[in-house]
Enquirer: 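There's a structure below that I have some questions on.
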Amino acid sequence: MNIAVLVSGRGSNLQAIIDSIESGFLKAKISVVISDKEDAYALIRAAKHGINAIFVDPRKLGSKELYEIEILKALKANCCELILLAGYMRIIGKTLLGQYKGRILNIHPALLPAFAGLNAQKQAIDHGVKVAGCTVHFVDDTLDSGPIILQRCVDVKEDDTDETLADRILEQEHKIYPEAVKLVVENRLRMEGRKVKIIK
Ligand code: GAR
């Protein structure tokens, strides 16, 4: 399966997907990495592994629709069947969703539906929860609300800061994202309403 990974920054989740493919855990190919930030370290990670990596400048394209049309061109040119959002800090619009409905995944650093949106780990600390975690879900037209594929819990410690909690959640993100992608690639997910059933 040809995969596109959309990124905005550091790219550690991209790295986890690359490593899973290179180790043979995931039978898929990243055919393109697309960033909305020119200086995203994720672009360098991709290049180090010989993966086609491009920057699409949203500011040059005037509107969200034109920007997503440009992304669609890159996706089609690289025969992408699945899109992974990996620290991609933009809301997916109608243009991309219309063409890739049910084929876009996101990783979010919270146990959704709690703490959607930005700074999820800080939201968790500020709220005083005892358990935090991460979620891989399908993307739909509402922010961080699509059907949930996998989640993993992380205990919150009394002396946790936003950063220490984010680090421990990130370790779990790097495990569940490749696991969730593997389920999609192996066609082991079935939808029942908004519930995602895993075929053993
Ligand atoms: C990750 O923690 C990811 O879950 C989060 O951004 C970080 C990206 O790190 N994504 C979101 O908050 C999306 N709402 P990475 O660039 O090292 O993968």
Side-chain angles (χ1 to χ4, degrees), residues 3-22 25-26 28 30 32-49 51 53-56 58 64 68 71 82-93 96-97 100 104-127 129 131-156 160-181 184:
I3 295 176
V5 185
L6 269 54
V7 296
S8 298
R10 175 180 58 182
S12 71
N13 277 290
L14 165 68
Q15 189 69 55
I17 300 293
I18 293 172
D19 293 346
S20 304
I21 292 172
E22 290 187 351
F25 176 77
L26 206 50
I30 300 176
V32 66
V33 170
I34 303 172
S35 175
D36 65 337
K37 293 274 186 323
E38 192 167 20
D39 60 353
Y41 186 65
L43 290 172
I44 294 169
R45 290 185 194 265
K48 279 186 183 170
H49 291 264
I51 298 168
I54 58 172
F55 161 55
V56 181
K64 190 180 190 84
E68 290 199 341
I71 291 186
L82 181 70
I83 302 174
L84 307 181
L85 310 183
Y88 181 68
M89 297 316 234
R90 278 174 191 275
I91 295 172
I92 298 295
L96 265 180
L97 259 182
Y100 280 88
I104 309 177
L105 269 55
N106 181 43
I107 179 115
H108 184 74
L111 294 174
L112 292 170
F115 312 131
L118 292 176
N119 304 316
Q121 305 95 329
K122 180 177 186 320
Q123 292 185 54
I125 291 279
D126 289 349
H127 196 88
V129 294
V131 179
C134 47
T135 303
V136 180
H137 64 94
F138 286 109
V139 173
D140 66 9
D141 56 7
T142 309
L143 180 67
D144 295 330
S145 86
I148 292 169
I149 302 171
L150 289 178
Q151 295 188 298
R152 195 96 0 121
C153 297
V154 171
D155 285 339
V156 180
D160 259 333
T161 63
D162 307 349
E163 290 76 23
T164 57
L165 179 62
D167 285 348
R168 290 207 313 291
I169 292 174
L170 195 63
E171 280 176 30
Q172 299 307 316
E173 293 183 39
H174 296 163
K175 291 180 184 157
I176 66 167
Y177 213 0
E179 286 172 21
V181 176
V184 174

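Note that ligands are numbered from 1 as they come in the structure, with each ligand's atoms numbered from 1 the same way. Computed from a predicted structure; not experimentally measured.
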Enquirer: With side chains defined as the heavy atoms from C-beta onward, is the minimum distance between Leu85 and Arg90 less than 4.5 Å?
Expert: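 Counting from C-beta outward, Leu85 and Arg90 never come under 4.5 Å.
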
Enquirer: Are any of the side-chain nitrogens in Arg168 or Asp160 under 4.0 Å away from the carboxylate oxygens of its partner?
Expert: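 Between Asp160 and Arg168 there is a salt bridge, with a charged N closer than 4.0 Å to a carboxylate O.
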
Enquirer: Would you check the N or O atoms of His108, main chain and side chain alike, for any that come under 3.5 Å of an N or O of ligand 1?
Expert: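 Yes, His108 has an N/O under 3.5 Å of an N/O on ligand 1.
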
Enquirer: Can you tell me if Gly11 contacts ligand 1 (heavy atom of the residue under 4.0 Å from the ligand)?
Expert: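 Yes, Gly11 has a heavy atom closer than 4.0 Å to ligand 1.
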
Enquirer: Measure across Gln121 and Leu165 and return the closest heavy-atom pair with its distance rounded to 0.1 Å.
Expert: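 Where Gln121 meets Leu165 most closely, the heavy atoms are O-CD2, 3.9 Å.
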
Enquirer: Quick check: Leu170 and ligand 1, any N/O pair under 3.5 Å apart?
Expert: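 No, Leu170 has no N/O under 3.5 Å of an N/O on ligand 1.
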
Enquirer: Note the single closest protein heavy atom to atom 11 (C) of ligand 1, along with its residue, its atom name and the distance in Å.
Expert: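 Among all protein heavy atoms, the one nearest atom 11 (C) of ligand 1 is Pro109 CD, 3.7 Å.
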
Enquirer: Heavy atoms only: which of Met89, Glu173, His174 is nearest to atom 13 (C) of ligand 1?
Expert: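 Answer by nearest heavy atom: Met89.
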
Enquirer: Is there a donor-acceptor pair under 3.5 Å between the side chain of Thr161 and the backbone N or O of Thr164?
Expert: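 It does hold such a pair.
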
Enquirer: Among protein heavy atoms, which sits nearest to atom 8 (C) of ligand 1, and what does the distance come to when rounded to 0.1 Å?
Expert: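 Atom 8 (C) of ligand 1 sits closest to the protein heavy atom Gly87 CA, 3.6 Å.
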
Enquirer: What protein heavy atom sits nearest atom 7 (C) of ligand 1, and how far away is it?
Expert: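 Here the closest protein heavy atom is Arg10 NH2, 4.0 Å.
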
Enquirer: If only atom types and distance count, is the side chain of Thr135 paired as donor or acceptor with the main-chain N or O of Ala110 below 3.5 Å?
Expert: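 Such a contact is found between Thr135 side chain and Ala110 backbone.
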
Enquirer: Does Ser12 reach ligand 1 with a nitrogen or oxygen that is under 3.5 Å from one of the ligand's nitrogen or oxygen atoms?
Expert: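 Checking ligand 1 against Ser12, an N or O pair does fall under 3.5 Å apart.
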
Enquirer: When you look at NZ of Lys122, are more than 12 heavy atoms from neighbouring residues, nucleotides or ligands closer to it than 6.0 Å?
Expert: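 No, because the 6.0 Å sphere around NZ of Lys122 holds 12 heavy atoms or fewer from other groups.
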
